[in-house]
Protein chains: 2
Amino acid sequence: MRIGELSRLTGVSRRLLRYYEEQGLIVPDRSTNGYRDYDERNVDRVKQIRGLLAAGLPTRIIKQILPCLDKPRSIHFPDATPEMLALLTSERDKLTDRIEMLTRNRDAMTEYLTEVEQHRAPVAPGQLHST
Amino acid sequence: MRIGELSRLTGVSRRLLRYYEEQGLIVPDRSTNGYRDYDERNVDRVKQIRGLLAAGLPTRIIKQILPCLDKPRSIHFPDATPEMLALLTSERDKLTDRIEMLTRNRDAMTEYLTEVEQHRAPVAPGQLHST
DNA sequence: TGAAACCCTCACATTGATGTGATGGTCAAG
DNA sequence: CTTGACCATCACATCAATGTGAGGGTTTCA
């Protein structure tokens with residue numbers, strides 16, 4: 001597929017798809033006319049990239065850990081150097097920390113919302129299933 | 001305390017502390033000499049800000065939801081407008097989505113690491129407590 | 001008093017992820 | 001063949017979060 005379709009399928013702008021390519025995150029084939037030619041797997045790959053970016057990982061790190069993650073899953077760890085494993089482990093741990101922090105903040109928000117709710121509508125427990 | 005100490009206590013650069021102030025996230029007093037004068041609560045507040053930033057919230061959103069979160073916790077929701085509650089709820093939900101995405105990625109990394117581990121050291125379960 | 005270590009403001013630089021627009025090639029349909 | 005919808009590259013713009021440094025006060029302490 002060409003870039004426009006991938007963009008539609010992933011919701012990621014053409015510009016960004018080219019940017020990700022420039023950063024070495026995706027490497028599409030080229031048709032004879034020079035058009036980028038993506039295969040289906042790139043859809044998931046792009047989504048994965050978005051997820052990792054949303055996780056706060058910079059593209060240069062994503063580039064390194066992506067090869068460990070996107071594969072058809074399995075029998076595919078020959079190219080895992082010790083450095084890569086260390087990097088992956090460290091990023092995984094950072095992710096865990098980040099998840100914990102986000103969870104704490106999320107829970108604080110929920111707690112606050114609950115308190116406000118109870119404050120303005122002090123009701124019996126049975127009525128709590130409104131929303 | 002002055003900005004240097006707060007910086008030390010929070011690990012956030014002076015520059016950023018001033019930036020957060022410029023963005024309306026913290027509002028220190030001023031000594032007669034013009035120096036910023038922070039109180040202890042600002043330590044937690046700054047950490048909270050860092051947490052929310054790490055969560056991907058922009059400062060302008062943080063500015064809006066922070067008043068709901070940092071307080072001495074409790075009896076303090078008079079200034080919660082419906083808009084603010086809606087905003088807070090929506091950001092909370094976004095956070096939840098983000099947490100789920102991060103968790104999926106984290107688990108994928110862990111899964112990969114586990115597979116590699118098993119591949120290069122196919123051992124009995126009893127030996128798994130090495131690290 | 002003078003140096004060290006603070007603080008202030010202001011302003012410009014940078015980095016990463018993006019957008020936007022200019023200029024031009026390709027291709028399918030009328 | 002021309003028009004419209006693609007595609008390409010390149011370059012400049014933007015935005016938020018940061019860094020850095022200039023130019024200049026203040027406080028502390030020997």
Side-chain angles (χ1 to χ4, degrees), chain A residues 1-39 42-43 45-66 91 94-95 98 101-102 105, chain B residues 1-39 42-43 45-66 91 94-95 98 101-102 105:
Chain A
M1 81 187 72
R2 291 179 301 180
I3 199 172
E5 188 176 355
L6 183 60
S7 173
R8 253 165 271 135
L9 289 177
T10 59
V12 173
S13 73
R14 282 164 265 254
R15 171 66 173 87
L16 273 189
L17 292 175
R18 297 195 186 104
Y19 174 69
Y20 296 155
E21 176 179 353
E22 187 185 310
Q23 300 303 306
L25 304 185
I26 37 183
V27 188
D29 287 346
R30 293 292 181 135
S31 307
T32 48
N33 57 12
Y35 288 10
R36 288 171 177 80
D37 183 28
Y38 301 89
D39 72 28
N42 282 312
V43 176
R45 182 147 180 141
V46 168
K47 286 179 184 167
Q48 182 105 33
I49 291 170
R50 295 300 295 177
L52 294 170
L53 276 175
L57 304 195
T59 54
R60 93 175 175 285
I61 297 289
I62 296 176
K63 176 180 179 176
Q64 300 198 261
I65 70 184
L66 209 45
E91 291 300 327
K94 279 193 220 162
L95 244 189
R98 190 184 304 260
M101 176 164 45
L102 297 196
N105 277 303
Chain B
M1 80 187 73
R2 292 179 302 180
I3 199 172
E5 189 177 355
L6 183 59
S7 173
R8 251 165 275 137
L9 289 177
T10 60
V12 173
S13 73
R14 281 164 267 255
R15 171 65 174 89
L16 273 190
L17 292 175
R18 296 194 188 104
Y19 173 70
Y20 295 156
E21 176 178 353
E22 188 184 310
Q23 302 301 307
L25 304 185
I26 37 183
V27 188
D29 287 345
R30 293 293 181 134
S31 308
T32 49
N33 56 15
Y35 287 11
R36 290 171 177 80
D37 183 27
Y38 302 89
D39 71 26
N42 282 313
V43 176
R45 180 145 180 143
V46 168
K47 286 181 184 165
Q48 182 108 33
I49 291 169
R50 295 301 294 178
L52 294 169
L53 277 174
L57 304 194
T59 54
R60 91 175 176 285
I61 297 289
I62 296 177
K63 176 179 179 177
Q64 300 198 262
I65 70 184
L66 209 47
E91 290 300 327
K94 280 194 220 161
L95 244 189
R98 190 184 304 262
M101 177 164 44
L102 298 196
N105 277 303

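Numbered from 1 within each chain, the chains take letters A, B, ... in sequence-line order.
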**Request:** Taking the side chain as every heavy atom from C-beta outward, state whether A:Ile49 and A:Arg45 have any pair of such atoms under 4.5 Å apart.
**Result:** yes
**Request:** Give the rounded distance in Å between these two atoms: CG of B:Leu52 and P of D:dA16.
**Result:** 17 Å
**Asked** Between B:Lys47 and B:Arg50, is any pair of side-chain heavy atoms under 4.5 Å apart?
**Response** no
**Request:** Without swapping roles, check the side chain of B:Arg98 against the backbone of B:Ala55 for a donor-acceptor pair under 3.5 Å.
**Result:** yes
**Message:** With a 4.5 Å cut-off on side-chain heavy atoms, are A:Arg30 and A:Arg36 touching?
**Reply:** yes
**Asked** Could you state the CD-C1' distance from B:Gln23 to D:dT18, rounded to the nearest angstrom?
**Response** 12 Å
**Asked** B:Arg50 near the nucleic acid: base, sugar-phosphate alone, or nothing, with a heavy-atom cut-off under 4.0 Å?
**Response** sugar-phosphate
Just the table, please: protein N/O against nucleotides 22-26 of chain D N/O, every pair under 3.5 Å.
unit_1	atom_1	unit_2	atom_2	d
D:dG25	N2	B:Tyr35	OH	2.7
D:dT26	O4'	B:Tyr35	OH	3.1

**Request:** Starting at CD1 of B:Ile62, measure out to CD of B:Gln48 and round the result to the nearest 0.5 Å.
**Result:** 9.5 Å
**Neighbours of DNA chain C within residues 10-22 of chain A, by heavy-atom distance under 4.0 Å** = A:Ser13, A:Arg15, A:Leu16, A:Tyr19, A:Tyr20
**Request:** Flag the pair A:Glu21 / A:Leu17 as yes when at least one side-chain heavy-atom distance between them is below 4.5 Å, and no otherwise.
**Result:** no
**Asked** Any side-chain N or O of A:Arg36 under 4.0 Å from OP1/OP2 of C:dT26?
**Response** no
**Closest approach of A:Gly51 to B:Met101 (non-hydrogen atoms, all atoms of both residues)** = CA-SD, 3.4 Å
**Prompt:** Hey, mind stepping through B:Tyr38 and B:Thr10 against side chain to side chain contact (heavy atoms under 4.5 Å, CB included) and telling me if it holds?
**Reply:** CA-CA 12 Å; B:Tyr38 302 89; B:Thr10 60; over 6 Å; no
**Asked** Atom CD1 of B:Ile3 and atom P of D:dT27: how far apart are they, to the nearest Å?
**Response** 16 Å
**Item:** Whole-Å gap separating C1' (C:dG16) and CG (A:Leu25)
**Value:** 12 Å
**Fill in**
By nearest-heavy-atom nucleotide on DNA chain D, the more 5' of B:Arg2 and B:Leu57 is B:Leu57
**Asked** Are B:Arg30 and C:dT9 close enough that a side-chain N or O sits under 4.0 Å from OP1 or OP2?
**Response** yes
**Message:** Any base atoms under 4.0 Å from B:Ser31, or only sugar-phosphate, or nothing? Heavy atoms, all strands.
**Reply:** nothing
**Complete:** In whole angstroms, the gap separating P of C:dA17 from NZ of A:Lys63 amounts to 13 Å
**Prompt:** How far apart are the closest heavy atoms of B:Asp37 and B:Met1, and which atoms are they?
**Reply:** OD1-N, 3.2 Å
